[in-house]
There are 4 protein chains.
Amino acid sequence: MNTFGRIFRISIFGESHSPRIGVTIDGVPEGIELEPADFEEDIARRSASSVPGGSPRAEKDVPEIVSGLFDGHTTGAPLTILFSNDDICPQDYGQFDAIPRPGHADYAASVKWDWANDPRGGGQFSGRMTLPVVAAGVVAKKVLEGISFDASVIEVGGCGNRLKWPEMIDRAREEGDSLGGIVQCVVTGLPIGLGEPFWDSVESLVSHAVFSIPGVRGIEFGDGFRSAAMKGSEHNDPFGPEGPLKNGSGGVNGGLTNGAPLSFKVAFKPTSSISRPQKTYNFKTEKMDTLQIKGRHDVCFALRTPVIVEAMAAIVLADLV
Amino acid sequence: MNTFGRIFRISIFGESHSPRIGVTIDGVPEGIELEPADFEEDIARRSASSVPGGSPRAEKDVPEIVSGLFDGHTTGAPLTILFSNDDICPQDYGQFDAIPRPGHADYAASVKWDWANDPRGGGQFSGRMTLPVVAAGVVAKKVLEGISFDASVIEVGGCGNRLKWPEMIDRAREEGDSLGGIVQCVVTGLPIGLGEPFWDSVESLVSHAVFSIPGVRGIEFGDGFRSAAMKGSEHNDPFGPEGPLKNGSGGVNGGLTNGAPLSFKVAFKPTSSISRPQKTYNFKTEKMDTLQIKGRHDVCFALRTPVIVEAMAAIVLADLV
Amino acid sequence: MNTFGRIFRISIFGESHSPRIGVTIDGVPEGIELEPADFEEDIARRSASSVPGGSPRAEKDVPEIVSGLFDGHTTGAPLTILFSNDDICPQDYGQFDAIPRPGHADYAASVKWDWANDPRGGGQFSGRMTLPVVAAGVVAKKVLEGISFDASVIEVGGCGNRLKWPEMIDRAREEGDSLGGIVQCVVTGLPIGLGEPFWDSVESLVSHAVFSIPGVRGIEFGDGFRSAAMKGSEHNDPFGPEGPLKNGSGGVNGGLTNGAPLSFKVAFKPTSSISRPQKTYNFKTEKMDTLQIKGRHDVCFALRTPVIVEAMAAIVLADLV
Amino acid sequence: MNTFGRIFRISIFGESHSPRIGVTIDGVPEGIELEPADFEEDIARRSASSVPGGSPRAEKDVPEIVSGLFDGHTTGAPLTILFSNDDICPQDYGQFDAIPRPGHADYAASVKWDWANDPRGGGQFSGRMTLPVVAAGVVAKKVLEGISFDASVIEVGGCGNRLKWPEMIDRAREEGDSLGGIVQCVVTGLPIGLGEPFWDSVESLVSHAVFSIPGVRGIEFGDGFRSAAMKGSEHNDPFGPEGPLKNGSGGVNGGLTNGAPLSFKVAFKPTSSISRPQKTYNFKTEKMDTLQIKGRHDVCFALRTPVIVEAMAAIVLADLV
């Protein structure tokens with residue numbers, strides 16, 4: 001299913017090879033001012049050129065709003081935004097049927113869809129599909145007036161010192177290798193009580209959306225995994241007159257926002273496509289083989305993800321508000 | 001919404017104070033043998049008496065199957081299972097309106113539902129609602145013939161040595177405090193290719209379900225947060241003739257199962273209800289106050305959760321199969 | 001799927017042979033007064049003893065509210081209502097596998113579910129499942145305070161003169177035959193603008209729900225089929241200061257309520273189970289055969305349906321409000 | 001919500017005034033041959049120029065397939081089809097706020113959305129939105145290989161004699177009036193057992209979809225309203241070796257297809273926009289007024305609907321198969 005959400009609902013379509021990709025957003029309130037320029041900042045934050053070690057490909061990601069907008073304002077009807085895929089390079093996915101790339105969906109997808117040369121392998125799983133998500137995030141943020149989103153990378157390759165990152169990235173690139181990273185997202189200004197008991201807890205919905213981003217390996221709220229080593233008296237957040245006095249819970253109690261900032265961390269794996277040769281199986285020759293992946297890839301794609309994480313949080317929260 | 005899943009779909013109902021709680025499961029294939037005795041083992045694993053430091057309350061959790069079963073076999077019609085709430089003790093939730101318990105939903109729920117003395121605070125948020133989930137998990141496991149689920153606690157209070165746990169739990173109980181823990185769940189025998197691109201990745205659905213369990217603070221798959229400090233050449237799982245040669249990804253590539261066991265870890269916070277006095281705000285007197293929570297609580301409720309984590313995984317996978 | 005609705009959402013469960021049947025209603029607002037006595041009138045209107053020619057079976061349909069109610073008021077949590085199936089008579093559905101009853105689902109169901117002796121044939125398709133629908137309708141009507149529902153039979157066997165019905169019914173019973181009927185439903189007091197453009201027009205949702213009632217053959221709004229023979233100048237409803245001056249549209253324009261009463265008619269077929277011998281095929285002997293259906297059946301089950309039609313309308317409207 | 005269906009799922013977007021309109025279809029099986037030419041025939045059947053009395057506007061409705069297609073075959077990913085709205089004429093909907101057009105959504109929409117000059121009145125309710133539905137129908141028919149759809153107008157203005165229609169239409173046009181009509185749709189080649197018990201009966205789903213077409217006033221299956229005047233012995237369809245021997249039920253028993261053709265009739269009202277002056281209320285002057293609607297409208301839009309009715313049936317059946 002290409003759809004997420006109940007009321008503020010996102011449907012994405014397109015693949016890395018299709019002429020266009022896009023998103024339809026249902027449930028946008030009427031009367032919100034919106035113009036293509038509103039998308040520029042967030043789309044730029046996602047672009048490869050915005051980060052060290054990003055792929056040098058130039059993409060012009062200009063949104064075309066084709067429905068749901070009239071005279072510069074949303075109409076309440078479904079809002080559809082398109083992007084062109086100018087940069088389609090016809091890749092030989094056939095070779096990845098023989099030697100599926102470690103860390104990619106090639107192998108699982110080819111079994112799921114019958115070992116056919118299915119373009120979905122390089123299609124729906126593409127990180128390119130996070131572009132319409134970022135566009136939907138821009139609209140969601142507009143809906144969530146007064147609420148602010150701040151996601152940033154706090155660790156690259158296990159290191160929290162930003163000054164060292166450029167050097168680490170250079171070295172990894174030289175070695176033909178890649179790095180992972182951790183993103184922290186903090187949302188402030190939320191009303192108290194968002195979320196639903198049980199299945200639609202805030203954590204359930206945010207984690208559902210965040211794990212849709214390719215390459216996520218873990219998510220934790222507030223004290224997260226560290227809380228499992230704490231005592232109740234340490235981890236509990238006592239209340240003061242303005243709400244919680246600390247934020248071990250990450251802003252959620254019993255699945256509902258509690259007035260503290262919503263705060264969570266997301267672990268991104270290192271980029272799977274590396275130029276270093278990898279020993280892996282060739283399913284055609286039925287022997288171990290050496291795979292060398294060409295092309296220009298991000299050394300640390302985690303650096304491009306904060307705006308995507310923000311978009312996912314905004315999409316979930318716009319649906320709950 | 002009290003519902004989870006698309007095809008194998010779970011609807012739970014009831015509250016800690018209602019005469020009964022239960023679950024309706026839609027999408028159960030016809031012809032599966034099922035009898036009340038099938039539920040005993042998993043229900044026993046969830047019971048307080050099964051773990052050290054568990055609450056001494058005795059609960060008789062006998063399932064009554066009221067529809068969807070004929071002559072000992074499922075009929076394909078919705079399967080409804082009921083449990084009695086024999087043990088309803090009328091609690092004074094009023095006091096928690098004045099002094100909301102740290103770590104509980106009291107505060108957020110009372111704001112959400114207007115500071116009324118709403119029994120939902122002690123109702124829908126109750127850990128009691130995991131009982132029908134365990135029952136649904138038993139049915140899901142039956143649907144998933146040949147697939148095995150193995151969840152267990154691997155850490156209590158930060159310690160991975162089981163021999164030390166009884167002592168740690170005794171000490172925490174004496175101090176009126178509580179402990180958290182980490183559960184690891186491994187699912188073997190899964191077909192390759194379960195999951196859907198993007199929104200309904202296996203990780204998205206499992207995390208959605210797992211964060212519905214009260215008290216979860218984090219989830220990670222395979223190498224999890226550690227992967228963010230690894231290089232691509234370390235973290236990638238090369239393939240051999242039988243599939244992945246190691247399992248850094250936790251059995252999922254691109255959101256699809258890849259033939260390796262599905263493997264994830266869940267962090268549970270320490271029990272929020274502790275008998276130690278807690279300094280927190282009294283919203284009636286508008287002063288800081290001291291809250292002492294009476295009653296008998298689990299020292300480390302994480303010990304009762306492995307069967308719930310298994311149930312959640314089984315429910316998700318039965319929906320995907 | 002056993003579920004209908006988005007926000008006020010109904011899930012029914014049970015079969016004619018199961019120990020209990022029931023309904024879970026999600027999305028009931030909190031604080032509504034509700035007690036078992038509230039259900040008596042509508043349940044009585046559905047009972048066989050309430051109509052001439054009704055089956056003489058005595059059913060005690062006492063609702064048991066097992067969740068979602070506290071201290072005589074709804075809590076906002078899912079509301080589950082159970083009924084016992086005291087009157088289960090183990091029928092030989094095997095014979096209907098050989099000679100499927102004309103007008104029943106026996107044949108289609110046995111092909112769908114593989115010609116097995118599937119109790120669903122006499123299970124989920126049973127008119128008995130309209131009992132939990134009537135119960136849900138009672139709750140929906142409570143939610144729709146100030147809106148009134150009035151459904152009644154306006155034709156039996158093609159005759160609009162009520163005085164003749166008892167005689168017609170007697171004659172049909174003597175002939176071992178059955179009669180159909182038409183029900184008109186009028187809902188007054190609705191706010192203007194209920195319904196959604198396109199897929200979720202009021203007519204779409206009402207017809208969806210109404211065709212779920214076993215035995216419906218047609219539905220029309222306002223002038224209905226007659227409108228196809230009218231001119232625009234005749235059929236159009238001009239407006240006056242209070243809204244439409246006549247009601248050819250049945251209270252709906254462009255899928256939205258327009259302030260006039262919602263008015264529609266439903267055609268019910270004659271009862272399919274007749275005691276008159278019917279020439280039909282025996283799939284075991286592979287020859288035409290004669291089927292004589294025993295048991296006591298309604299001569300004209302349409303007479304019991306007005307309260308069910310009201311319930312369906314109320315369920316749809318409670319979801320839209 | 002702009003979405004219909006569960007597995008073969010249609011999301012339409014756009015308004016009469018937006019630059020483009022379109023549809024995203026989720027759940028299209030992979031490997032189906034598809035090219036723009038496949039849409040020509042059905043799109044032509046819907047065009048105004050194809051029918052007597054059709055609006056003389058020329059529309060070039062050329063589908064652009066932007067995703068889900070690779071190398072002339074569907075990929076299994078969401079299929080998005082766009083159409084341009086070349087022919088946008090900026091209408092003065094403001095006047096219809098003062099004098100809402102009888103039979104249109106103007107009044108109900110303006111109350112629903114606050115009497116603002118909301119372009120939705122002339123937007124989402126537009127018959128133009130049936131164009132992407134017809135496109136989705138083409139894809140659904142491809143999915144339903146071996147199943148044939150045949151819808152046609154059987155009555156115009158109450159008359160079943162096609163030879164008289166041109167004359168009737170001419171006269172109505174001269175009088176500035178309009179005509180309604182009845183469409184019959186017959187679907188052959190369906191497998192037995194499609195549909196689900198209760199809520200998702202074939203009739204429920206077909207009627208839901210059909211009532212989404214603007215201007216529908218009624219639907220009936222098989223003997224339809226006439227069945228309410230029949231006896232069980234007349235209406236019941238006895239079985240022969242090949243299935244039902246006649247088709248009073250319209251091909252459905254207990255909500256499931258029974259092997260006979262699915263057969264239903266749809267009543268369309270006369271076109272609401274007529275050039276004859278209409279006496280109706282002016283909500284600005286607060287007096288009765290005379291409304292004369294300019295522009296070129298279909299005399300009998302029912303003539304353009306058979307292909308839309310087929311599309312709706314195909315969409316529902318593709319979801320059930």
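This one's a predicted model, so the numbers in the text were calculated from it and none came from an experiment. Convention: sequence-line order gives letters A, B, ...; per-chain numbering from 1.
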Participant: When rounded to the nearest 0.5 angstrom, what is the spacing between CG in A/Asn236 and OG in B/Ser178?
Facilitator: 6.5 Å
Participant: Under a 4.5 Å heavy-atom cutoff, which of B/Gly193, B/Gly176, B/Cys159 has the most pairs with chain A?
Facilitator: B/Gly193
Participant: Does any backbone or side-chain atom of B/Met168 lie under 4.5 Å from a heavy atom of chain A? Answer side chain, backbone, both or neither.
Facilitator: neither
Participant: How long is the gap from OG on A/Ser233 to CD on B/Glu175, to the nearest 0.5 Å?
Facilitator: 8.0 Å
Participant: When you measure from the side chain of A/Lys112 to the backbone of B/Thr257, do you find a donor-acceptor pair of N or O atoms at a distance under 3.5 Å?
Facilitator: no
Participant: Using a cut-off of under 4.5 Å on heavy-atom pairs, state which of A/Ser272, A/Ala229, A/Ser249, A/Pro241 scores highest against chain B.
Facilitator: A/Pro241
Participant: Please tell me whether B/Phe198 and A/Phe4 form a close aromatic pair, meaning their ring centres lie under 6.0 Å apart.
Facilitator: no
Participant: Quick one: of B/Pro191, B/Ala172, B/Gly103, B/Gly240, who has the most non-hydrogen atom pairs under 4.5 Å with chain A?
Facilitator: B/Gly240
Participant: How far does CG of B/Asp200 sit from CZ of A/Phe211, to the nearest 0.5 angstrom?
Facilitator: 14.0 Å
Participant: Who passes salt bridge (charged side-chain N to carboxylate O under 4.0 Å, His left out) against B/Asp289, sequence neighbours left out?
Facilitator: none
Participant: Examine whether an atom of B/Phe221 lies under 4.5 Å from a heavy atom of chain A, and if so say whether it belongs to the side chain, the backbone or both; otherwise answer neither.
Facilitator: both
Participant: A/Pro270 and B/His235: which non-hydrogen atoms are nearest, and at how many Å?
Facilitator: CG-CB, 3.8 Å
Participant: Assess whether side chain to side chain contact (heavy atoms under 4.5 Å, CB included) is satisfied between B/Trp199 and A/Ile10, documenting all intermediate values.
Facilitator: CA-CA 10 Å; B/Trp199 301 111; A/Ile10 306 301; 3.8 Å; yes
Participant: Do A/Phe239 and B/Pro100 have side chains that approach each other closer than 4.5 Å (heavy atoms only, starting at C-beta)?
Facilitator: yes
Participant: If you count heavy-atom pairs within less than 4.5 Å of chain A, which of B/Gly218, B/Gly248, B/Gly157, B/Ala228 leads?
Facilitator: B/Ala228
Participant: Report which part of B/His104 has an atom under 4.5 Å of a heavy atom belonging to chain A: side chain, backbone, both, or neither.
Facilitator: backbone
Participant: So for B/Leu245, is it side chain, backbone, both, or neither that comes closer than 4.5 Å to the heavy atoms of chain A?
Facilitator: side chain
Participant: Is the closest side-chain heavy-atom distance between B/Phe225 and A/Glu220 below 4.5 Å?
Facilitator: yes
Participant: Quick check on the interface: out of A/Met288, A/Lys231, A/Lys279, who has the most heavy-atom pairs with chain B under 4.5 Å?
Facilitator: A/Lys231
Participant: Under a 4.5 Å cutoff for heavy-atom pairs, which residue among B/Lys287, B/Arg276, B/Glu155, B/Arg226 has the most contacts with chain A?
Facilitator: B/Arg276
Participant: Top residue by heavy-atom pair count (under 4.5 Å) with chain B, among A/Gly180, A/Pro102, A/Gly243?
Facilitator: A/Pro102
Participant: Go through the structure and list residues passing side-chain hydrogen bond (donor to acceptor under 3.5 Å, both in side chains) with B/Asp298, not counting sequence neighbours.
Facilitator: B/Arg304
Participant: For B/Met230 and A/Arg217, what are the C-alpha separation, side-chain angles and deciding distance, and is it a side chain to side chain contact (heavy atoms under 4.5 Å, CB included)?
Facilitator: CA-CA 12 Å; B/Met230 295 165 84; A/Arg217 281 283 173 268; over 6 Å; no
Participant: Could you tell me whether A/Glu234 and B/Lys269 make a salt bridge, using a distance below 4.0 angstrom between a side-chain N and a carboxylate O?
Facilitator: no
Participant: I need the B/Asp106 CG to A/Asn258 CG distance, nearest 0.5 Å.
Facilitator: 12.0 Å
Participant: Measure B/Ser273 against the heavy atoms of chain A and call it side chain, backbone, both or neither at under 4.5 Å.
Facilitator: neither
Participant: Less than 4.5 Å apart, side chain to side chain, heavy atoms only: is that true for B/Tyr107 and A/Asn253?
Facilitator: no
Participant: Heavy atoms only, distances under 4.5 angstrom: which of B/Val133, B/Ile12, B/Val216, B/Ile219 has the most pairs with chain A? Name it, please.
Facilitator: B/Ile219
Participant: I'd like to know which of A/Gly158, A/Cys300, A/Ala267, A/Ala302 tops the heavy-atom pair count under 4.5 Å against chain B.
Facilitator: A/Ala267
Participant: Heavy atoms only, distances under 4.5 angstrom: which of A/Leu291, A/Thr271, A/Asp237 has the most pairs with chain B? Name it, please.
Facilitator: A/Asp237
Participant: Is there a donor-acceptor pair under 3.5 Å between the side chain of A/Ser204 and the backbone N or O of B/His208?
Facilitator: yes
Participant: At a heavy-atom separation under 4.5 Å, does A/Ile192 approach chain B through its side chain, its backbone, both, or neither?
Facilitator: both
Participant: Output the option from B/Ser201, B/Gly259, B/Gly250, B/Gly224 having the highest count of non-hydrogen pairs under 4.5 Å with chain A.
Facilitator: B/Gly224
Participant: Using a 3.5 Å distance criterion without hydrogens, assess whether the side chain of B/Asp177 forms a donor-acceptor pair with backbone atoms of A/Gly232.
Facilitator: yes
